*Asks:* 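Below you will find the structure I want to go over with you.
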Amino acid sequence: AGLTERITASPVATPWGNYRGGYVPAKTDPNQVQEGQQNEESIVKGANDLYAFPTTGAGFTKSRVESYTRQLQLDLRYLASHIDWTLRFTHIQPRVLDVYRTLKDRRLSSKLNEIAPRAVEELLTPWLQRTAMQQVEKPWQGRGGRAAQRFLGALRRRASMQIMSVNLVNAVQNFANIPVLALRVPGARIASALIAVTRSPKKTAAVIAEKSPFMRTRMDSQLIDLQKTINDIVLNPSRFQKFQDWAAHHGHFLSLGTQNLMDSVAWTAAYDDAIGRDLPELEAVRHADSVVRETQGSAAAEDISAFESGNAFLRIFTMFYTFFNNQANLLGSEFEFVRRDLGLRKGAGRGLYVYVMGLMLPAVLGELIAQGLRGQLGGEDDDDEPLADALSFLATAQRKYVAAFIPFVGQAANALLNQFSGDGLFHDD
């Protein structure tokens, strides 16, 4: 990393025993030190600059100046962020630098510009910066901006908790995504993975976590628990605050539980399929990780689109857009493959398969689950036209599914159209 000095742990003797010591960043408090705040905002500005060199930031690696005495940031709540910063610098920064150098190669960049002009500057470089900083939200500068960001962030979290907490419909709808998995993995592999995960979900999850660091991180919540423990120690929150923390942490347990099952099924099926095709272990693991990202979605900074990484105000309107954006990209890639590599005539069968498994079935199954759990199915049918009702239901379910692919207006359009439609598949006129 280019460091000329290594700080070693020095033992510390206390009345409670000897501690081996360690290292805590000596970071100035930006709320009390003006130059500290300016340094923080320059990092933020660099992270948001379209042409900035992608970096995690290396300010904390500079040698300390003993004569410099300013107020330090001693709030233990920031300890987890210090650890995160250090880990990003040691693990992510070298990889980001390698990718950036590759993208700047003249031969590669010229080829990329022929396919998609300015893709390196406007698409790949900002993606690298999001990956390096691990930020999905562009911070606002200044005291007022930070206050507004905290308010909007709290509003977004509480709205999400209001909608998703103990949401049985959403939890069961996760299983409607099984047909999408068939776009990447043979159906027989999915069936065997479903049986294996259903029989021993904990054992399967443990095996997956041991093989795949990506899945271990996706399924693990140790960092969240660490931050919460620090908050409890420092703040000693009231009963109401403890209830809020509990609700925020456990309110999504139904959706998270079923999503973890789907992740396990997707990963196991893809891994078994790769091993069955004689791929090496490392390639099989990476293939399975990729299938999970492509079919189940991911909200990680390196996986979301640039559109979803806006400021705190814009992100209020893209709260649940990640999943639908992921599905839209998957379908777009599949249809583009059919058009480009197979042709419309030869690829008609594959195109129909993509439409049925990737769009029609998920949309219809999701709507059936929603209406069934809400008691909207099986109403009286007075017009004696069940076929017309069924066709209308099929069209409506797919219309709502596709509309959700459109950012901002999709959800609003669905809500508006629902006001003028019937409650269920069979309804009274």
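Everything numeric in this text was worked out from a predicted model, so none of it was measured.
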*Asks:* Using 0.5 Å steps for rounding, measure from the OG atom of S200 to the CD1 atom of I195.
*Replies:* 11.5 Å

*Asks:* Work out which heavy atom in G347 is nearest to a heavy atom in V338; give both atom names and the distance.
*Replies:* O-CG1, 3.2 Å

*Asks:* So F324 and Y401, would you call those rings parallel, tilted or perpendicular, with 30° and 60° as cut-offs?
*Replies:* perpendicular

*Asks:* Of all heavy-atom pairs between V354 and L183, which one has the smallest distance, and what is that distance?
*Replies:* CA-CD2, 3.8 Å

*Asks:* Taking Q93's backbone N and O only, do any of them form a donor-acceptor pair with R88's side chain (distance below 3.5 Å, no angle check)?
*Replies:* no

*Asks:* Can you measure from CG (N170) to CG (L373) and round to the nearest 0.5 angstrom?
*Replies:* 11.0 Å

*Asks:* Counting N and O atoms only, with roles assigned by atom type, does the side chain of S212 sit under 3.5 Å from a partner on the main chain of A209, one being a donor and the other an acceptor?
*Replies:* no

*Asks:* Would you tell me whether Q398 and Y355 have side-chain atoms, one donor and one acceptor, within less than 3.5 Å of each other?
*Replies:* yes

*Asks:* If we only count heavy atoms from C-beta on, is the N177 to F323 side-chain gap below 4.5 Å?
*Replies:* yes

*Asks:* Examine distances only and state if a side-chain atom of T268 and a backbone atom of V265 form a donor-acceptor pair shorter than 3.5 Å.
*Replies:* no

*Asks:* Taking all heavy atoms of G366 and all of Q173, pick out the closest pair and write down the distance.
*Replies:* O-NE2, 2.8 Å

*Asks:* Please say whether more than 12 non-hydrogen atoms of neighbouring residues, nucleotides or ligands are located less than 6.0 Å from CZ in R340.
*Replies:* yes

*Asks:* Considering all heavy atoms of both residues, which atom of E367 and which atom of A397 are nearest to each other, and what is their separation?
*Replies:* CB-CB, 3.8 Å

*Asks:* Look at R339 together with E336 and state whether they make a salt bridge at an N to O cut-off of under 4.0 Å.
*Replies:* yes

*Asks:* Determine, stepwise, if the pair Q134 / E302 fulfils side-chain contact (heavy atoms from CB on, under 4.5 Å).
*Replies:* CA-CA 7 Å; Q134 286 295 290; E302 61 271 20; 3.0 Å; yes

*Asks:* Begin with the C-alpha distance, continue with both residues' side-chain angles, and end with the deciding distance and a verdict on side-chain contact (heavy atoms from CB on, under 4.5 Å) for V291 and L181.
*Replies:* CA-CA 8 Å; V291 168; L181 183 56; 3.7 Å; yes

*Asks:* Tell me, do T322 and D303 make a side-chain contact under 4.5 Å, heavy atoms counted?
*Replies:* no

*Asks:* Just how far is it from atom NZ of K202 to atom CG of N260, taken to the nearest 0.5 Å?
*Replies:* 12.5 Å

*Asks:* Nearest 0.5 angstrom please: M215 CE to Y271 OH, how far?
*Replies:* 13.5 Å

*Asks:* Return the minimal non-hydrogen interatomic distance between I406 and Y321, and the atom names on each side.
*Replies:* C-CE1, 4.1 Å

*Asks:* Identify the heavy atoms of D263 and R218 that sit nearest to each other, and give their distance.
*Replies:* OD2-NE, 2.8 Å

*Asks:* Yes or no on side-chain contact (heavy atoms from CB on, under 4.5 Å) for V99 and L124, after CA distance, side-chain angles and deciding distance?
*Replies:* CA-CA 10 Å; V99 174; L124 297 175; over 6 Å; no

*Asks:* In chain order, what residues pass the ring-ring contact (aromatic ring centres under 6.0 Å, His included) check against F214, with sequence neighbours excluded?
*Replies:* none

*Asks:* Using a cut-off of 6.0 Å, state whether more than 12 heavy atoms not belonging to R286 lie near its atom CZ.
*Replies:* no

*Asks:* Say you draw a straight line from NE2 of H287 to CD of E294; how long is it, rounded to the nearest 0.5 Å?
*Replies:* 8.5 Å

*Asks:* Ignoring hydrogens and angles, tell me if any N or O in the side chain of N326 forms a donor-acceptor pair with the backbone of S298 under 3.5 Å.
*Replies:* no

*Asks:* Mind checking the CZ-CG spacing from F393 to L368? Nearest 0.5 Å is all I need.
*Replies:* 4.0 Å

*Asks:* With respect to R118, which candidate in E121, E114, E122 satisfies the salt bridge (charged side-chain N to carboxylate O under 4.0 Å, His left out) definition?
*Replies:* E122

*Asks:* Give a yes or no on whether the backbone of A171 and the side-chain of T258 come within a donor-acceptor separation of less than 3.5 Å.
*Replies:* yes

*Asks:* Where the side chain of T125 meets the backbone of V120, is there a donor-acceptor pair that is under 3.5 Å apart?
*Replies:* yes

*Asks:* Any carboxylate oxygen within less than 4.0 angstrom of a Lys/Arg side-chain nitrogen, looking at R277 and D273?
*Replies:* yes

*Asks:* Would you sort out whether T131 and R95 count as a side-chain contact (heavy atoms from CB on, under 4.5 Å), showing the intermediate values?
*Replies:* CA-CA 10 Å; T131 302; R95 306 298 182 268; over 6 Å; no

